[in-house]
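What you are looking at is a predicted structure, and each value in this text was computed from that prediction instead of being measured. Residue numbers start at 1 and run along the sequence shown.
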Amino acid sequence: MSDLSNPLTIRPARREDVSAMVAMFAADALGGHGDTTDTEMLPLYQRAFDRIAASPNDELYVAELDGEVVGTFQTTLIVSMPGRGAATLRIEAVQTRQDMRGRGIGASMIKYAIARGAAAGVRTVYLTSNLKRTDAHRFYARLGFEQSHAGFKLKL
C-alpha cells in the first residue's frame, strides 16, 4: 500500500549519497554483512561506490523523498551464452529506510528497475533474498517474482 503524499524520485546515486545508503545497510539486522556507520569505514564504501559507478553494467540508485534518501538498490546487466546471449538484470542491495517501510517505496524501486531492464531488452529480471527475510519473500511474490532456483554461496 502506498501512502506517499509527495512524489518519490528514483535517480542514479551520487557519491554524496553514500553515507545515507550505508546507514540503511548498517540498520539491517538480517543482512549480516557487518555494515557500519563508523566514519573510519567510509572510505571503503566510497571505493565500492567508485567501482560500481565505473562499471558499464552496474547501476546504483537511490529513492528520494522530500530531499532525503529513503531507499536504495543496485542493478547489474548480465549477458550470458545460454539463451542465445539473452540479457538478464539482477537486482540487489534493496533497502528502504526502516522508518519509511510500508509506504510503497520498495515497490516503486523494484518496478523502476524492471522498467529499466525492459527498456534495455532484458529477458529476465532476478534477485536473491536471504532465507530469513520471509516478509521480503512475500513482497517479491506480490510483485510477480517466482521462487524458481536454489542459490549457493561460498565465502572466501
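Of all heavy-atom pairs spanning Arg123 and Ala86, the tightest one is CZ-CB, 3.6 Å. Closest approach of Ala27 and Gln98 over heavy atoms only: O-NE2, 2.9 Å. The shortest heavy-atom contact between Ser129 and Ala136 is OG-CB, 4.0 Å. Counting all heavy atoms, side chain and backbone alike, Gln95 lies closest to Met109 at O-CE, 3.4 Å. Annotation for Phe49 and Met21: closest pair CD1-CE, 4.3 Å, computed over non-hydrogen atoms. Counting all heavy atoms, side chain and backbone alike, Val79 lies closest to Gly85 at CG1-O, 3.5 Å.
Atom CZ of Arg101 has more than 12 heavy atoms from other residues, nucleotides or ligands within 6.0 Å. Annotation for Glu16: atom CD counts as buried by contact number, over 12 foreign heavy atoms lying within 6.0 Å.
Remark: of the listed residues Thr39, Asp38, Thr37, Asp38 is the sole one forming a side-chain contact (heavy atoms from CB on, under 4.5 Å) with Met41.
Atom CD1 of Ile52 is separated from atom OG1 of Thr75 by 10.0 Å, given to the nearest 0.5 angstrom. Within the model, atoms CG of Leu77 and CD of Glu59 stand 9.5 Å from one another, a figure rounded to the nearest 0.5 Å. For the atom pair Leu8 CG and Met100 CE, the distance stands at 8.5 Å (nearest 0.5 Å). Rounded to the nearest 0.5 angstrom, Phe145 CZ and His137 NE2 are separated by 12.5 Å. In this structure, the separation between CZ on Arg133 and CZ on Arg138 is 13.0 Å, given to the nearest 0.5 Å. If you take CZ on Arg97 and CZ on Arg103, they are separated by 8.5 Å, rounding to the nearest 0.5 Å.
Below 30°, between 30° and 60°, or above 60°: for Phe73 and Tyr61 the angle between ring planes is below 30°, a parallel geometry.
Linking Ile, Leu, Val, Met, Phe, Trp and Tyr whenever their side-chain heavy atoms come within less than 4.5 Å puts Tyr140 and Tyr112 in one cluster. Hydrophobic clustering (side-chain heavy atoms under 4.5 Å, transitive across Ile, Leu, Val, Met, Phe, Trp, Tyr) keeps Val70 apart from Val22. Residues Ile105 and Phe139 share a hydrophobic cluster, clusters being chains of Ile/Leu/Val/Met/Phe/Trp/Tyr side chains in contact below 4.5 Å. Criterion: ILVMFWY side-chain heavy atoms under 4.5 Å apart, direct or through other members. Under it, Leu65 and Val94 are part of a common hydrophobic cluster. Under the 4.5 Å side-chain heavy-atom criterion for ILVMFWY residues, a single connected hydrophobic cluster contains both Val122 and Ile91.
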**OP:** Output, in order, the C-alpha distance, side-chain angles, deciding distance and verdict of salt bridge (charged side-chain N to carboxylate O under 4.0 Å, His left out) for Asp17 and Arg11.
**Re:** CA-CA 11 Å; Asp17 299 320; Arg11 62 168 173 78; 2.8 Å; yes
**OP:** List the steps and the verdict of side chain to side chain contact (heavy atoms under 4.5 Å, CB included) for Thr36 and Tyr45.
**Re:** CA-CA 10 Å; Thr36 177; Tyr45 291 105; 4.3 Å; yes
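Side-chain contact between Thr128 and Arg90 is present, with heavy atoms from C-beta onward closer than 4.5 Å. When side chains are defined from C-beta on, Leu60 counts as touching Thr72, because their heavy atoms get closer than 4.5 Å. You'll find the side chain of Lys111 reaches within 4.5 Å of the side chain of Leu143, heavy atoms only.
The closest donor-acceptor contact from the side chain of Arg15 to the backbone of Asp50 lies at 3.5 Å or more, if one exists at all.
Under the 3.5 Å distance criterion, with hydrogens and angles disregarded, a donor-acceptor pair is assigned to the side chains of Thr76 and Asp58.
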